[in-house]
K.L.:
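My structure is below; once you've seen it, I'll send some questions.
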Amino acid sequence: MDTADFYTAGESETILGRLIAEAKVRDRVVLTTKYTNSVDPGDPNAGGNGRKHLIRALEASLRRLGTDHVDLFLLHTWDRVTPVEEVMRTFDDLVRAGKIRYAGLSDVPAWYAARAQSFAEAHALTPVVNLQLPYSLVERTIETEHVPMGQHLGLGITAWSPLAGGFLTGKYRQTGETPSGEGRLSDPGNPAQSWTDRDWALLKPLDKAANELGVTMAQVAINWVATRPGVAAAIVGASSADQLGKSMAALDFELPPDLQALLDEASAVPSESVYRMLTPEYQNWVISPGVKVGDKPAGYAPSVRNW
């Protein structure tokens with residue numbers, strides 16, 4: 001279960017806490033919440049990632065959720081101010097106090113997450129185990145640094161918005177200035193409407209894959225994200241039990257190699273700037289022009305640190 005204190009000004013946590021209590025399933029769920037954003041306008045102490053707000057936000061979340069601990073507690077967004085050392089020492093204190101089981105980060109630069117993990121390792125503090133980031137067929141930029149960093153430092157990626165705000169469900173069509181259909185993308189004020197021609201073109205191979213497998217476009221999109229290297233989980237929302245069931249069914253099949261390659265190629269993000277020098281092609285040229293040097297085997301994975 002994933003939520004945050006900022007979602008509907010805390011009401012999301014309250015509703016979720018009541019639901020878990022009524023169903024008596026607290027020990028059967030992994031409960032995740034996040035902090036950073038202010039839920040008390042006008043109070044300078046009610047936002048950011050500093051120690052004061054971190055502890056204050058967790059205590060408030062625990063009250064709303066009706067529990068004495070959170071299984072995974074995340075820094076929601078990098079605030080550009082708080083030293084990473086302060087965050088990691090506070091996370092460690094909260095783990096030792098039994099108020100959180102694991103710590104993680106959401107929407108932070110790769111260098112920040114690497115610094116956090118390295119600091120924790122060097123000082124025998126509680127490590128971060130999770131990175132929550134936007135990831136989908138139309139948003140693959142985290143593959144440049146975040147994913148390999150997570151694989152090497154033991155942070156599992158949780159993908160949020162694997163359906164790109166509903167775009168990859170196939171219910172939207174390019175009809176002019178705004179998408180047709182109902183939902184969040186139909187709102188003229190929604191910044192998620194800035195889809196490119198490349199994004200719209202991606203729907204065609206996605207539809208092809210769905211038809212060949214006899215499943216929905218949404219299920220293919222979720223399956224693609226959930227089975228990517230370094231990904232530990234994908235977050236899906238639902239307005240009904242039926243919709244949730246269909247999303248869960250996205251894990252009931254495997255994408256055959258030809259359809260996997262089709263989607264990979266259609267959604268690929270060209271290397272930019274210095275990253276053009278980090279491609280296998282460039283490395284071949286660096287080592288010996290005219291000699292092909294293979295990358296690491298496809299099944300290779302670095303050993304995860306034994307914390």
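Everything quoted here is computed from the prediction, not taken from an experiment.
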K.L.:
Provide the closest heavy-atom pair for Arg276 versus Ser271 in the form atom of the first, atom of the second, distance.
P.N.:
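Reported closest heavy-atom pair: CG-O, 3.2 Å.
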K.L.:
Can a donor-acceptor pair be found, under 3.5 Å and without considering hydrogens, that links the side chain of Ser118 to the backbone of Arg115?
P.N.:
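Judged by distance alone, no pair lies under 3.5 Å.
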K.L.:
Might you work through the side-chain contact (heavy atoms from CB on, under 4.5 Å) test for Leu31 and Arg26, ending with a clear yes or no?
P.N.:
CA-CA 8 Å; Leu31 184 58; Arg26 178 64 188 91; 3.9 Å; yes
K.L.:
Name the residue from Ile157, Leu131, Val231, Val269 that meets the side chain to side chain contact (heavy atoms under 4.5 Å, CB included) definition with Ile142.
P.N.:
Ile157
K.L.:
For Asp199 and Thr196, indicate whether the former's side chain and the latter's backbone hold a donor-acceptor pair under 3.5 Å.
P.N.:
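Indeed, once roles are kept as given, a pair shorter than 3.5 Å links the two residues.
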K.L.:
Please report the interatomic distance CG(Leu262) to CD(Gln260), rounded to the nearest 0.5 Å.
P.N.:
10.0 Å
K.L.:
For the residue pair Asp43 and Ser38, establish whether any side-chain heavy-atom pair is separated by less than 4.5 Å.
P.N.:
no
K.L.:
Does the plane of the ring in Phe167 sit parallel, tilted or perpendicular to the ring in Trp195? Use 30° and 60° as the thresholds.
P.N.:
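Ring orientation of Phe167 relative to Trp195: parallel.
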K.L.:
Using a strict 4.0 Å threshold on nitrogen-to-oxygen distance, state whether Arg56 and Asp40 make a salt bridge.
P.N.:
yes
K.L.:
How far does CD1 of Ile100 sit from CG of Leu72, to the nearest 0.5 angstrom?
P.N.:
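One finds 8.5 Å between CD1 of Ile100 and CG of Leu72.
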K.L.:
Less than 6.0 Å separating the ring centroids of Trp224 and Tyr135?
P.N.:
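When the ring centroids of Trp224 and Tyr135 are compared, they turn out to be within the sub-6.0 Å range.
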K.L.:
State the CG-NZ distance between Leu163 and Lys171, to the nearest 0.5 angstrom.
P.N.:
9.5 Å
K.L.:
Between Glu86 and Arg51, is there a donor-acceptor pair closer than 3.5 Å when you use the side chain of the first and the backbone of the second?
P.N.:
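Yes; at least one donor-acceptor contact below 3.5 Å.
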K.L.:
For Lys246, does its backbone N or O pair with a side-chain atom of Gln219 as donor and acceptor, under 3.5 Å?
P.N.:
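Answer holds: yes.
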K.L.:
Decide yes or no for Trp111 and Glu145: does some side-chain heavy atom of the first lie under 4.5 Å from some side-chain heavy atom of the second?
P.N.:
no
K.L.:
Can you say whether the rings of Tyr35 and His53 are parallel (under 30°), tilted (30 to 60°) or perpendicular (over 60°)?
P.N.:
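Tilted.
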K.L.:
Donor-acceptor check, side chain of Asp71 to backbone of Thr32, threshold 3.5 angstrom: yes or no?
P.N.:
no
K.L.:
Under 3.5 Å, is there a donor-acceptor pair between the side chain of Arg64 and the main chain of Asp5?
P.N.:
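The answer is no, because no donor-acceptor pair under 3.5 Å joins these two groups.
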K.L.:
Do Glu13 and Thr3 get their side chains close enough for a donor-acceptor pair, meaning under 3.5 Å?
P.N.:
no
K.L.:
Rounded to the nearest 0.5 Å, what separation is found between the CE atom of Met1 and the OG1 atom of Thr33?
P.N.:
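Rounded to the nearest 0.5 Å, the CE-OG1 separation comes out at 13.0 Å.
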K.L.:
Could you check whether Asp93 pairs with Lys99 (Lys NZ or Arg NE/NH1/NH2 to Asp/Glu carboxylate O, under 4.0 Å)?
P.N.:
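Salt bridge flag = no for Lys99 with Asp93.
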K.L.:
Would you say Asp92's side chain and Met88's backbone share a donor-acceptor pair under 3.5 angstrom?
P.N.:
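Answer holds: no.
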K.L.:
Under 3.5 Å, side chain of Thr158 to main-chain N/O of Gln132, donor-acceptor pair present?
P.N.:
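Not at all, since once roles are kept as given, no pair shorter than 3.5 Å links the two residues.
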K.L.:
Please round to the nearest 0.5 Å and tell me the distance separating atom CG of Asp242 and atom OG of Ser247.
P.N.:
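The CG atom of Asp242 sits 9.5 Å away from the OG atom of Ser247.
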K.L.:
Evaluate the side-chain contact (heavy atoms from CB on, under 4.5 Å) criterion for residues Leu75 and Thr36: first the C-alpha distance (whole Å), next the side-chain angles of each, then the deciding distance (0.1 Å), finally the verdict.
P.N.:
CA-CA 6 Å; Leu75 177 153; Thr36 292; 4.0 Å; yes
K.L.:
Counting only N and O atoms by type, is there a donor-acceptor contact under 3.5 Å from the side chain of Thr77 to the main-chain atoms of Asp107?
P.N.:
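No, because the side chain of Thr77 does not come within donor-acceptor range (under 3.5 Å) of the backbone of Asp107.
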K.L.:
Same cluster for Phe6 and Leu58 if Ile/Leu/Val/Met/Phe/Trp/Tyr side chains link at under 4.5 Å?
P.N.:
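No.
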K.L.:
Under a 4.0 Å threshold between the charged nitrogen and the carboxylate oxygen, would Arg89 count as salt-bridged to Glu85?
P.N.:
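Salt bridge: no.
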K.L.:
Tell me, do Leu54 and Phe91 make a side-chain contact under 4.5 Å, heavy atoms counted?
P.N.:
yes
K.L.:
Measure the CG-CD distance between Leu125 and Gln117 for me, rounded to the nearest 0.5 Å.
P.N.:
10.5 Å
K.L.:
After noting the C-alpha distance and the side-chain angles of Leu16 and Tyr7, does the key distance pass the side-chain contact (heavy atoms from CB on, under 4.5 Å) rule?
P.N.:
CA-CA 11 Å; Leu16 183 57; Tyr7 298 161; over 6 Å; no
K.L.:
Got a donor-acceptor contact below 3.5 angstrom from the Ser267 side chain to the Leu263 backbone?
P.N.:
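Such a contact is found between Ser267 side chain and Leu263 backbone.
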